[in-house]
Amino acid sequence: MFERAPFRKCPACSSDDGLGVLSVGGAWLTRRCRRCRHTVREPLPPVDKAVVYLDQFAISNIYKVSTGTLRETAPSRAFWVRLHAAVQRAYLLQQVVFPASSIHDDETLVAGGLADGLALAHDMLSGETEFDRVEDIAMAQVWAFVEAYADGKPPPDLDFDVDGILDGERNAWIPDLHISANMSFSQFAPATRAGRDAAAAEFQALAAHWAQEKPSFATVLKRELDSMESANRGAVLASAQRIEKAIENDDIVEMFEGVESAIMRQFRALRAFFENRGVALEASTAEVLKFWGWAGNHQQPQHRISSYLFAGLARRIANNQRAPDKGMMNDIRAIATYGPYVDAMFVDRMCENLLREQPLARDLTMKAKFFSMRTGDAFIDYVDQLAAQATDEVRRYAEEAYGVT
């Protein structure tokens with residue numbers, strides 16, 4: 001009933017077309033005879049999958065191609081059709097995964113009618129993996145730096161092993177049966193949307209200031225690199241006020257989000273760290289602020305990369321180029337978080353252009369190759385090259401398991 005082609009001779013009952021594929025996933029392919037129910041498990045060949053980040057724009061268009069909902073007149077339709085085919089082939093040949101991220105989760109949450117489809121598209125390309133939450137990846141960097149600070153050492157060199165920021169087994173063969181728990185988080189959508197819009201409004205105000213002030217790249221870069229203490233202190237105060245207001249309004253969800261916001265969790269964790277190191281309870285807040293102001297934090301990857309990107313944007317806006325849209329903040333978060341770890345990223349065209357400018361191209365040494373619509377053909381070539389790396393043995397099993405050749 002559940003067995004499927006290709007069928008072969010069963011070693012138990014000798015039925016010429018009895019033994020079919022029952023399931024695939026992890027490290028095993030399971031065959032079962034549809035006549036006698038004899039079962040055979042075969043180990044699948046090992047693979048080493050690349051990790052590629054696709055922004056929500058790419059995921060959305062790939063999803064529309066796969067469901068036949070991309071309009072015939074859609075801009076760049078031919079490109080998306082080609083990319084969809086390349087992505088599917090490399091993915092099914094076990095050469096790449098496209099993990100979902102918490103940035104995707106937030107964007108999907110406010111996507112309205114497309115939300116369920118986008119969530120499924122992320123699941124179907126992720127290979128049973130997802131990135132750790134952005135704030136957790138950042139916090140892992142904070143821990144390495146605060147330990148160096150407390151020990152009186154210079155900023156540490158970090159290990160950018162991509163498996164360290166992934167939940168799930170990157171090199172597991174994808175299951176042929178996909179089960180998705182369609183859990184609704186729609187009650188959080190208004191707060192997520194409000195947070196996104198507030199961040200966008202703050203960024204637009206900052207862009208207007210740059211347009212008027214016309215600061216140099218160096219001025220903005222220094223300002224951003226030096227901003228960790230003041231920005232985090234302000235965020236803690238804002239969260240405290242948010243919690244206080246939520247308590248007054250008896251708003252449990254808002255209070256929970258304030259208490260469990262990334263900055264409040266970091267603040268509490270750092271206070272506890274210093275207190276465990278012998279700092280008095282009444283002095284631990286001041287020590288956290290002192291750490292946030294430590295110049296060594298200029299080397300924290302997420303902070304450093306985002307600072308350079310902001311400085312690059314400021315330079316463009318000061319030169320009377322258009323300000324980016326409200327999705328730019330998420331683009332910067334994605335690049336600053338994942339860029340040092342992953343093999344490639346498909347991002348916004350403006351972001352890719354910024355990363356090619358100096359001194360960003362020279363000073364930001366990230367593992368990722370960056371692509372956008374501007375370099376779309378090169379990205380398809382890159383994905384095709386990943387597919388071409390599959391061994392003959394992997395191809396044979398992939399054809400049996402998924403029908404890909």
Side-chain angles (χ1 to χ4, degrees), residues 48-56 58 96-105 126-127 129-149 153-168 170-171 221 224-225 227-228 231-232 262 266 292 294-313 328-348 350-372 375 379 382-383 386:
D48 184 14
K49 302 182 186 182
V51 177
V52 176
Y53 173 88
L54 297 175
D55 70 5
Q56 190 81 332
V96 62
V97 288
F98 306 91
S101 79
S102 54
I103 296 173
H104 291 145
D105 292 343
S126 67
T129 67
E130 63 180 348
F131 289 113
D132 292 339
R133 293 193 63 81
V134 167
E135 53 265 33
D136 294 336
I137 296 172
M139 192 63 206
Q141 296 178 4
V142 170
W143 280 127
F145 275 71
V146 74
E147 288 175 358
Y149 165 83
K153 296 179 180 178
D157 293 325
L158 301 183
D159 177 10
F160 295 117
D161 178 9
V162 71
D163 291 318
I165 65 165
L166 287 178
D167 181 22
R170 171 174 62 94
N171 290 321
L221 178 60
E224 290 295 324
L225 289 172
S227 69
M228 182 178 289
N232 286 353
Q266 181 179 148
W292 280 340
W294 179 45
N297 284 322
H298 293 184
Q299 302 303 317
Q300 264 197 53
Q302 191 185 56
H303 179 60
R304 179 178 175 82
I305 295 166
S306 61
S307 294
Y308 268 81
L309 286 168
F310 275 118
L313 282 174
M328 178 57 70
M329 292 297 293
N330 278 343
D331 295 331
I332 290 175
R333 288 174 68 209
I335 292 168
T337 302
Y338 307 129
Y341 300 90
V342 302
D343 295 288
M345 299 184 71
F346 187 91
V347 296
D348 175 80
M350 183 180 292
C351 287
E352 191 211 359
N353 287 338
L354 281 172
L355 290 166
R356 291 176 179 273
E357 295 175 1
Q358 296 297 349
L360 290 86
R362 180 187 67 240
D363 294 352
L364 299 180
T365 54
M366 289 181 276
K367 178 183 177 182
K369 302 179 192 302
F370 290 95
F371 302 92
S372 72
T375 51
F379 183 59
Y382 171 78
V383 176
L386 293 178

Side-chain heavy-atom pair Leu54, Phe379 within 4.5 angstrom cut-off: yes
Item checked: Short side-chain to backbone donor-acceptor contact, Gln358 and Arg362, under 3.5 Å -> yes
Tightest non-hydrogen contact, residues Pro340 and Ala336, listed as CD-O, 3.9 Å
Compare all side-chain heavy atoms of Leu313 with those of Met350 and state whether any distance is below 4.5 angstrom.
yes
In short, Ile305 meets Met366 closest at the heavy-atom pair CD1-SD, 3.5 Å
Practice task
Answer yes or no: is there a side-chain heavy-atom contact under 4.5 Å between Asp48 and Asn171?
Solution key: yes
### Query
Do the non-hydrogen side-chain atoms of Pro301 and Phe145 ever get within less than 4.5 Å of each other?
yes
**Audit row: Phe371, Val52, side-chain contact (heavy atoms from CB on, under 4.5 Å) steps and yes/no** = CA-CA 11 Å; Phe371 302 92; Val52 176; over 6 Å; no
### Query
Hey, mind stepping through Ile335 and Cys351 against side-chain contact (heavy atoms from CB on, under 4.5 Å) and telling me if it holds?
CA-CA 9 Å; Ile335 292 168; Cys351 287; 3.6 Å; yes
dist Gln299:CD -> Leu158:CG (nearest 0.5 Å) comes out at 10.0 Å
Geometric class of the His303/His298 ring pair [parallel <30°, tilted 30-60°, perpendicular >60°]: tilted
In short, side-chain hydrogen bond (donor to acceptor under 3.5 Å, both in side chains) pairs touching residues 153-168 with sequence neighbours left out are Asp163-Arg170
Heavy-atom nearest pair, Ala148 first then Pro154, reads CB-O, 3.5 Å
The reported gap from CD in Gln56 to CG in Asn330 (rounded to nearest 0.5 angstrom) is 9.0 Å
Paired with Tyr308, the side-chain contact (heavy atoms from CB on, under 4.5 Å) test is passed by just one of Ile332, Leu355, Leu354, Leu221, namely Leu221
Open item on the list: Has Thr337 got a side-chain atom pairing as donor or acceptor with Ala334's backbone, closer than 3.5 angstrom?
Closed with: no
Worksheet item: Can Val342 and Phe131 be said to form a side-chain contact (heavy atoms from CB on, under 4.5 Å), step by step?
Response: CA-CA 10 Å; Val342 302; Phe131 289 113; 3.7 Å; yes
Would you kindly say whether Trp294 and Gln300 are connected by a side-chain donor-acceptor distance under 3.5 Å?
no
Within the structure provided, determine whether Asp363 and Arg304 are in side-chain contact (heavy-atom separation under 4.5 Å). yes
d(Ser306 OG, Asp331 CG) to nearest 0.5 Å is 13.0 Å
| Going by distance alone, is a donor N or O of one side chain under 3.5 Å from an acceptor N or O of the other, for Ser101 and Glu130? | no
Exactly one candidate in Phe346, Phe370, Tyr338, Tyr341 meets ring-ring contact (aromatic ring centres under 6.0 Å, His included) with Tyr53; the answer is Tyr338
In terms of heavy-atom contacts, Leu166 and Pro99 come closest through CD2-CG, 3.8 Å
Flag the pair Lys367 and Asp343 as a salt bridge only when some basic side-chain nitrogen lies within less than 4.0 angstrom of an acidic carboxylate oxygen.
-> yes
Sorted by chain and residue number, the side-chain hydrogen bond (donor to acceptor under 3.5 Å, both in side chains) partners of Ser307 (sequence neighbours excluded) come out as none
Original post:
Side-chain contact, heavy-atom cut-off 4.5 Å: Phe160 with Val162?
Top reply: no
To the nearest 0.5 Å, atom CG of Asp55 lies from atom CD1 of Ile103 at 10.5 Å
### Candidate pair Val134 and Gln302, rule side-chain contact (heavy atoms from CB on, under 4.5 Å), full reasoning
CA-CA 10 Å; Val134 167; Gln302 191 185 56; 3.5 Å; yes
Separation between CD1 (Ile165) and CD (Gln141), nearest 0.5 Å, reads 9.0 Å
Point to revise | Worked check of side chain to side chain donor-acceptor pair (under 3.5 Å) between Arg356 and Asn353 | key: CA-CA 5 Å; Arg356 291 176 179 273; Asn353 287 338; 5.3 Å; no
